[in-house]
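In this chain, numbering begins with 1 at the start of the sequence shown. Indexing begins at 1, ligand by ligand and atom by atom, following the structure's order.
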Amino acid sequence: MSVQACEIRDDDRRPPVDDLVGIVQRGLRAKPKRLPSWLFYDERGSQLFEDICEQPEYYLTRSEIALMDVHSGEIADVLGADVRLVEYGSGNAIKTRMLLEHLHAPVSYVPVEISPEPLRNSTQALNTRFPNVPVQALHADFTRPLRLPIPPRAPRRTVIYFPGSTIGNFEAREAAELLRKMRGEMGDNGGILIGADLKKDTATIEAAYNDKAGVTAEFTLNMLVRLNREIGSDFDLSGFRHRAHYNAMIGRIETFIVSTRDQKVRVGKQQVSFAAEEAMQVEYSCKYSPEDFAALAGKAGLSIAHEWTDPQGMFAVYYLVRAGAKSA
Ligand code: AVI
């Protein structure tokens with residue numbers, strides 16, 4: 001078969017961007033102040049995240065790749081033949097490649113991504129690498145209900161692939177809601193293949209979010225650079241710093257942007273006051289034991305049919321099916 005044309009279906013139904021000022025103003029009125037973590041991912045932020053994945057302290061990506069290296073053949077066997085693979089996000093080319101290499105006669109691969117550029121790049125790369133796999137790219141926000149493209153032939157099952165522990169960036173209630181939405185999209189016979197970081201000692205986790213080279217700190221503060229550029233706010237970068245600590249009671253990294261002095265910042269028509277050492281919450285990265293993850297899945301009407309970990313036991317990938325359904 002010949003190389004597929006790079007067709008991207010646009011299903012981006014986000015409200016217009018002029019709402020951004022309102023989103024930021026609302027977040028800065030909250031007590032404590034908070035901003036949504038999706039604001040990290042402008043072009044620079046996405047590049048910085050890729051750089052984070054290369055840092056020696058950030059074990060997550062390396063561990064998940066090691067896991068896929070050992071288990072992707074077995075995972076493909078579990079998913080079975082004639083799968084339609086829907087990936088939430090498309091920035092995980094290495095892991096996706098490892099999976100597609102082993103999948104048996106996949107019906108199609110559907111990357112769902114909100115940023116057009118990474119979507120176009122990964123689609124082209126996969127088209128070249130896997131000319132026999134139809135790629136049906138979907139430009140959309142995966143946290144919203146999706147209108148999946150009609151597959152080129154009937155799949156035996158739809159599997160939603162959500163690698164990279166991004167589920168950990170959602171608070172427990174939102175994570176359960178997202179899993180429930182996926183459950184609807186995968187259908188009765190489908191499944192969810194999902195990565196999640198495992199709980200482990202505090203020092204290892206905290207080091208991953210406070211790398212020595214300062215890449216994570218730059219990633220965090222880039223959110224303010226983005227806001228200054230996109231909404232004309234006047235955050236003075238020298239007056240803020242990154243802080244990430246592990247809340248072992250709750251099992252999550254909590255990342256803040258901390259004001260280093262008393263100061264005021266203009267956001268739209270408002271002046272926002274920051275006290276010295278005031279912390280603005282910008283990201284949670286939840287860590288799950290397998291039992292925690294089973295409980296989360298249960299809240300969405302799902303159960304763990306299979307689980308895999310990397311050789312060091314740092315990271316897990318789960319295959320979830322409808323609770324009560326026979327596994328694949
Ligand atoms: C995308 N996500 C899984 C990363 C994480 O580990 O929570 C984002 C990140 N934030 C700081 N470092 C990496």
K.L.:
So if I count the atoms of ligand 1 from 1 in the order they appear, which ones are less than 4.0 Å from some heavy atom of Gly164?
P.N.:
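Once the distances to Gly164 are compared, the set is 3 (C).
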K.L.:
Give the atoms of ligand 1, by number and element, whose distance to some non-hydrogen atom of Phe219 is under 4.0 Å.
P.N.:
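Answer, ordered by atom number: 10 (N), 11 (C).
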K.L.:
Applying ring-ring contact (aromatic ring centres under 6.0 Å, His included), run through Phe293 and Tyr318 and close with a yes or a no.
P.N.:
CA-CA 9 Å; Phe293 206 80; Tyr318 302 97; 4.5 Å; yes
K.L.:
Starting from atom 2 (N) of ligand 1, find the nearest protein heavy-atom neighbour and note its residue, name and distance.
P.N.:
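Its nearest protein heavy-atom neighbour is Asn169 OD1, 2.9 Å.
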K.L.:
Please enumerate all residues that pass side chain to side chain donor-acceptor pair (under 3.5 Å) together with Tyr246, with sequence neighbours excluded.
P.N.:
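Here no residue qualifies.
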K.L.:
For ligand 1, which atoms sit closer than 4.0 Å to a heavy atom of Ser285?
P.N.:
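Those qualifying, in numeric order: 5 (C), 7 (O).
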K.L.:
Checking Lys33 now: which residues fulfil side chain to side chain donor-acceptor pair (under 3.5 Å) with it, not counting sequence neighbours?
P.N.:
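Expected list: Glu278.
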K.L.:
What protein heavy atom is closest to atom 10 (N) of ligand 1, reported as residue, atom name and distance in Å?
P.N.:
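Result: Glu283 OE1, 2.8 Å.
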K.L.:
Does an N or O from Thr166, backbone or side chain, lie closer than 3.5 Å to an N or O of ligand 1?
P.N.:
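Between Thr166 and ligand 1 (N or O atoms, distance only) the closest approach is not under 3.5 Å.
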K.L.:
Quick check on Ser165 - does any of its heavy atoms sit under 4.0 Å from an atom of ligand 1?
P.N.:
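The answer is yes: ligand 1 sits under 4.0 Å from a heavy atom of Ser165.
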K.L.:
Applying side-chain contact (heavy atoms from CB on, under 4.5 Å) between Tyr109 and each of Leu103, Val86, Thr96, report the one that passes.
P.N.:
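Of the listed options, the one satisfying the test is Thr96.
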K.L.:
Strictly by modelled atom types, are His104 and Asp77 linked by a side-chain donor-acceptor pair under 3.5 Å?
P.N.:
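Short answer, yes.
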K.L.:
For ligand 1, which is the ligand I care about here, please tell me if Thr216 has any N or O atom under 3.5 Å from one of the ligand's N or O atoms.
P.N.:
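No.
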K.L.:
Tell me whether Tyr41 reaches ligand 1 (any heavy atom closer than 4.0 angstrom to a ligand atom).
P.N.:
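A heavy atom of Tyr41 does come that close to ligand 1.
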K.L.:
Is the backbone of Ile65 close enough, under 3.5 Å, to the side chain of Asp310 for a donor and an acceptor to pair up by distance?
P.N.:
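The answer is no, because no donor-acceptor pair under 3.5 Å joins these two groups.
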K.L.:
Do you know which two heavy atoms are closest between Val215 and Asp211, and how far apart they sit?
P.N.:
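Val215 and Asp211 have their closest heavy atoms at N-OD2, 2.7 Å.
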K.L.:
Check whether any heavy atom of Phe40 sits under 4.0 Å from an atom of ligand 1.
P.N.:
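Distance cut 4.0 Å: Phe40 fails for ligand 1.
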K.L.:
Starting from atom 4 (C) of ligand 1, what is the nearest protein heavy atom, named by residue and atom, and what distance separates them?
P.N.:
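Checking every protein heavy atom, the shortest distance to atom 4 (C) of ligand 1 gives Tyr58 OH, 3.4 Å.
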K.L.:
Does the side chain of Lys95 pick up a donor-acceptor pair with the side chain of Tyr161 at under 3.5 Å?
P.N.:
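Per modelled atom types, Lys95 and Tyr161 side chains form no pair under 3.5 Å.
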